[in-house]
Amino acid sequence: MVQTSFVPDEYWQSLEVAHNMTFNYGYLTWEWNEGLRGFSYPLVFGGIYKILYWIGKDDVWFLIWIPRLAQSIFSSLADVRLYILMRKLENAELAKWVYFCQMCSWFTWFCATRTLTNTMEAVLGTFALYYYPLEGSRTKNSTKYLIFVALGFIIRPTAVILWIPLVFCQFLKEKKKIDLLVQQCLPVGLFTFGISFVIDRVFYGKWTFVQWNFLKFNVLQNMGAFYGSHPWHWYITQGFPVIISTHFPFFIHGSILAPRRYRILLVAVIWTVFVYSMLSHKEFRFIYPVLPLCMVFCGFSITRLKWWKKPAVGFLIISNLLPALYTGLIHQRGALDIMSYIQQQCKAENMSTSLLVLMPCHSIPYYSHVHCRIKMNFLECPPDLSDHDSYVDEADLFYVSPMAWLNAEFYNTTQLPTHLVMFSVLEQEILPFLTAHHYMKTASVFHTQLPEGRVGSHIYMYEQKT
């Protein structure tokens with residue numbers, strides 16, 4: 001039910017890395033050259049790929065869908081943990097409605113099966129919440145929840161933001177503070193970070209502290225703004241209202257009704273939105289891990305409703321089902337649909353095939369969705385790490401004058417790619433080049449009903465005919 005693309009990271013920071021780890025060919029983005037990403041999360045899918053290779057089932061279909069299935073299982077287990085947690089803390093009735101709210105969230109539907117670090121961060125956060133010693137819970141030992149917090153930090157260092165108020169609250173209430181630090185925090189930290197350091201040492205070939213590099217680049221240096229910046233209030237006025245959607249009034253209502261011991265969860269949500277608001281680069285997925293916490297309060301709201309309970313349930317189902325189906329089945333599906341046409345070039349077993357993707361960088365998946373050694377290139381867009389005032393990345397340079405770029409790049413016509421992939425908005429602009437070099441349109445797939453800027457409504461494939 002999710003056949004669309006969301007953001008490039010769901011492929012380029014997980015499956016592409018895993019494919020390169022396992023099959024020794026592919027492409028690693030600039031972050032991996034700078035040591036900003038850890039190999040722990042891609043290693044999960046690398047292990048899956050290796051098993052498929054050993055049993056002779058490393059077909060491209062399995063390489064695409066088995067990781068998605070694995071991620072969906074992780075997300076499902078987290079959802080069940082959320083239900084069990086609320087049943088233990090409160091009762092089965094409340095747990096049922098918390099679970100219902102989680103299940104009918106359109107953004108959870110949209111993200112839960114995607115191979116994103118944010119999705120795994122949400123999964124690990126929910127497991128950590130299950131073991132967190134919230135007032136009234138039976139949990140006395142903090143080791144288990146700290147392990148999941150540490151794993152989340154290893155996979156995505158900004159995961160720690162959500163847990164700062166929760167950990168701090170526990171520390172203030174803990175009578176044996178030294179024991180908490182020495183007997184639980186320190187061993188967990190040394191164990192999890194030790195494993196992370198060893199994994200990254202193996203694949204980087206040198207000792208690399210990726211968590212520090214990630215925080216330094218994205219938080220301290222704020223280099224993430226290269227990929228777009230938003231006003232400070234964006235999460236408050238757009239980001240959070242969009243992902244929580246029609247659950248929002250129930251979240252507000254439940255925040256008022258929930259017992260006092262749950263206030264720390266509300267503080268964690270507000271704190272997370274506040275901290276992320278201070279960063280220039282903002283995306284919906286960054287605050288996805290707060291949704292399970294929000295659903296706790298939504299559950300309290302619906303439980304207290306009497307005459308309005310059935311209308312509220314129907315309203316939530318309908319208002320979330322429509323965007324879930326639209327974003328899961330229609331919006332931005334072309335990025336995956338075009339891959340089947342690229343895969344056909346592998347079946348021809350023609351090693352002279354070469355493909356150039358004339359789209360905003362990382363618009364489509366790469367070798368993890370092709371799984372053969374055909375030559376592929378795309379317009380790259382690494383940020384300016386040397387702080388040059390006149391720096392322009394390859395993608396931006398191309399879009400300044402596509403015809404001039406193509407003529408300069410392929411002045412030697414023997415180096416022309418056999419296939420071109422582009423958004424429909426580019427077609428007319430480079431039509432003289434396509435005509436002059438005998439390119440014919442061989443595929444057209446629908447992408448979105450909301451084209452914008454460099455992104456068109458369709459994706460075209462052109463093939464050079466001799």
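Positions are given from 1, in the same order as the sequence printed here. Computed over heavy atoms, backbone and side chain alike; hydrogens, waters and symmetry mates excluded.
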**Student:** Is Trp232 atom CH2 crowded by more than 12 heavy atoms from other residues, nucleotides or ligands, each under 6.0 Å away?
**Tutor:** no
**Student:** So His419 and Tyr341, ring-ring contact (aromatic ring centres under 6.0 Å, His included) or not? Walk me through it.
**Tutor:** CA-CA 11 Å; His419 295 76; Tyr341 293 94; over 10 Å; no
**Student:** Hey, does the side chain of Trp106 reach the backbone of Leu321 with a donor-acceptor pair shorter than 3.5 angstrom?
**Tutor:**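 Not at all, since once roles are kept as given, no pair shorter than 3.5 Å links the two residues.
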**Student:** Roughly how far, to the nearest 0.5 Å, is the CG atom of Asp58 from the CD1 atom of Ile48?
**Tutor:** 13.5 Å
**Student:** Would you say the side chains of Gln332 and His447 form a donor-acceptor pair under 3.5 Å?
**Tutor:** no
**Student:** Ignoring hydrogens, what is the shortest heavy-atom contact between Ser40 and Ile154? Give both atom names and the distance.
**Tutor:**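 The answer is OG-CG2, 3.6 Å.
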**Student:** Answer yes or no: is there an ion pair linking Lys441 with Glu427, defined by an N-O contact shorter than 4.0 Å?
**Tutor:**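 Here Lys441 pairs with Glu427 in a salt bridge, since their nearest N and O are under 4.0 Å apart.
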**Student:** Partners of Trp12 by side chain to side chain donor-acceptor pair (under 3.5 Å), sequence neighbours excluded?
**Tutor:** none
**Student:** Centre-to-centre under 6.0 Å for Phe193 and Phe153, is that the case here?
**Tutor:** yes
**Student:** Of all the heavy-atom pairs spanning Phe148 and Ala128, show the shortest one and how long it is.
**Tutor:**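 It is CB-CB, 3.7 Å.
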**Student:** Verify the neighbour count for atom CE of Met403: are there more than 12 heavy atoms of other residues, nucleotides or ligands below 6.0 Å?
**Tutor:** yes
**Student:** Decide, yes or no, whether a salt bridge links Lys206 with Asp200 under the criterion of side-chain N to carboxylate O below 4.0 Å.
**Tutor:** no
**Student:** Quick one about Tyr399 and Glu429 (side-chain donor to acceptor, distance below 3.5 Å, no hydrogens or angles considered), yes or no?
**Tutor:**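 No pair is found: no donor N or O on one side chain lies under 3.5 Å from an acceptor on the other.
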**Student:** Give the minimum heavy-atom separation between Thr327 and Arg114, together with the two atoms involved.
**Tutor:** O-NH2, 4.5 Å
**Student:** Which heavy atom in Gln343 sits nearest to a heavy atom in Val370, and how many Å separate them?
**Tutor:** CG-CA, 4.2 Å
**Student:** Tell me whether the count of non-hydrogen atoms from other residues, nucleotides or ligands lying under 6.0 Å of OH in Tyr53 goes above 12.
**Tutor:** no
**Student:** In this structure, is the centre-to-centre distance between the rings of Phe39 and Tyr204 below 6.0 Å?
**Tutor:**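 Distance test on ring centres: under 6.0 Å, yes.
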**Student:** Could you tell me whether the side chains of Glu16 and Ser368 share a donor-acceptor contact shorter than 3.5 Å?
**Tutor:**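 Yes - a donor-acceptor pair under 3.5 Å links their side chains.
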**Student:** With respect to Asn377, which candidate in Leu355, Leu358, Leu356 satisfies the side chain to side chain contact (heavy atoms under 4.5 Å, CB included) definition?
**Tutor:**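 Between Asn377 and the candidates, side chain to side chain contact (heavy atoms under 4.5 Å, CB included) is satisfied uniquely by Leu356.
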**Student:** When Phe240 is tested against each of Phe251, Trp234, Tyr235, Phe284 for ring-ring contact (aromatic ring centres under 6.0 Å, His included), which residue passes?
**Tutor:**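 Answer after filtering Phe251, Trp234, Tyr235, Phe284: Phe251.
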**Student:** When rounded to the nearest 0.5 angstrom, what is the spacing between NE2 in His247 and CG in Leu316?
**Tutor:**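 His247 atom NE2 to Leu316 atom CG measures 5.0 Å (nearest 0.5 Å).
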**Student:** Looking at every heavy atom in both Leu293 and Ala268, which two are closest together, and how far apart are they?
**Tutor:**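 The pair with the smallest heavy-atom distance is CD2-CB, 4.1 Å.
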**Student:** Check the orientation of Tyr439 and His437. Use parallel for under 30°, tilted for 30 to 60°, and perpendicular for over 60°.
**Tutor:**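 Perpendicular.
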**Student:** Tell me whether Cys372 and Cys346 have SG atoms closer together than 2.5 Å.
**Tutor:**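 A disulfide is present here, as the SG pair of Cys372 and Cys346 is separated by less than 2.5 Å.
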**Student:** Nearest 0.5 Å, what's the CG-CG distance between Leu162 and Leu129?
**Tutor:**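 Going from CG on Leu162 over to CG on Leu129, the span is 8.5 Å.
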**Student:** Rounded to the nearest 0.5 Å, what separates atom CD1 in Ile330 from atom CG in Leu325?
**Tutor:** 8.0 Å
**Student:** Indicate yes or no: at least one non-hydrogen side-chain atom of Tyr49 is less than 4.5 angstrom from one of Leu15.
**Tutor:**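 Of all side-chain heavy-atom pairs linking Leu15 with Tyr49, at least one is under 4.5 Å.
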**Student:** Using the six-membered ring wherever Trp is involved, compare the ring planes of Trp61 and Trp65 and label them parallel, tilted or perpendicular (cut-offs 30° and 60°).
**Tutor:**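 Judged by the thresholds at 30° and 60°, the geometry between Trp61 and Trp65 is tilted.
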**Student:** Does a sphere of radius 6.0 Å around CZ in Phe446 hold more than 12 heavy atoms from other residues, nucleotides or ligands, not counting ones at 6.0 Å or beyond?
**Tutor:** yes
**Student:** State, without any angle test, whether Tyr326 and Gln449 hold a side-chain donor-acceptor pair at a distance under 3.5 Å.
**Tutor:**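 A pair is found: one side chain offers a donor N or O, the other an acceptor, under 3.5 Å apart.
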**Student:** Going through the distances and angles, do Tyr11 and Tyr366 end up as a ring-ring contact (aromatic ring centres under 6.0 Å, His included)?
**Tutor:** CA-CA 8 Å; Tyr11 316 113; Tyr366 219 46; over 10 Å; no
**Student:** What is the distance from atom CD1 of Ile164 to atom SG of Cys169, rounded to the nearest 0.5 Å?
**Tutor:** 14.0 Å
**Student:** Please find the pair of heavy atoms, one from Tyr367 and one from Tyr25, that lie closest to each other, and give the distance.
**Tutor:** CD2-CE1, 3.7 Å
**Student:** Donor-acceptor check, side chain of Ser72 to backbone of Leu69, threshold 3.5 angstrom: yes or no?
**Tutor:**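 Indeed, once roles are kept as given, a pair shorter than 3.5 Å links the two residues.
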**Student:** Is it true that the side chains of Thr448 and His331 contain a donor and an acceptor less than 3.5 Å apart?
**Tutor:**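 Yes.
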**Student:** Checking Arg37 against Trp32: charged group under 6.0 Å from the ring centre and within 45 degrees of the axis?
**Tutor:** no
**Student:** Salt bridge check, Arg156 against Asp9: does any charged N sit closer than 4.0 Å to a carboxylate O?
**Tutor:**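 Answer for the salt bridge query: no.
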**Student:** Set out, in order, the CA-CA distance, both residues' side-chain angles and the distance that settles side chain to side chain contact (heavy atoms under 4.5 Å, CB included) for Cys101 and Phe250, then state yes or no.
**Tutor:** CA-CA 10 Å; Cys101 291; Phe250 302 98; over 6 Å; no
**Student:** Is the distance from the ring center of His362 to that of Phe378 below 6.0 Å?
**Tutor:**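 Yes: the rings meet the under 6.0 Å criterion.
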**Student:** Could you tell me whether the side chain of Arg285 and the main chain of Asn118 form a donor-acceptor pair under 3.5 Å?
**Tutor:**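 Between the backbone of Asn118 and the side chain of Arg285 there is no qualifying donor-acceptor contact (under 3.5 Å).
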**Student:** How long is the straight-line distance from CZ of Phe410 back to CZ of Phe433, given to the nearest 0.5 Å?
**Tutor:** 6.0 Å
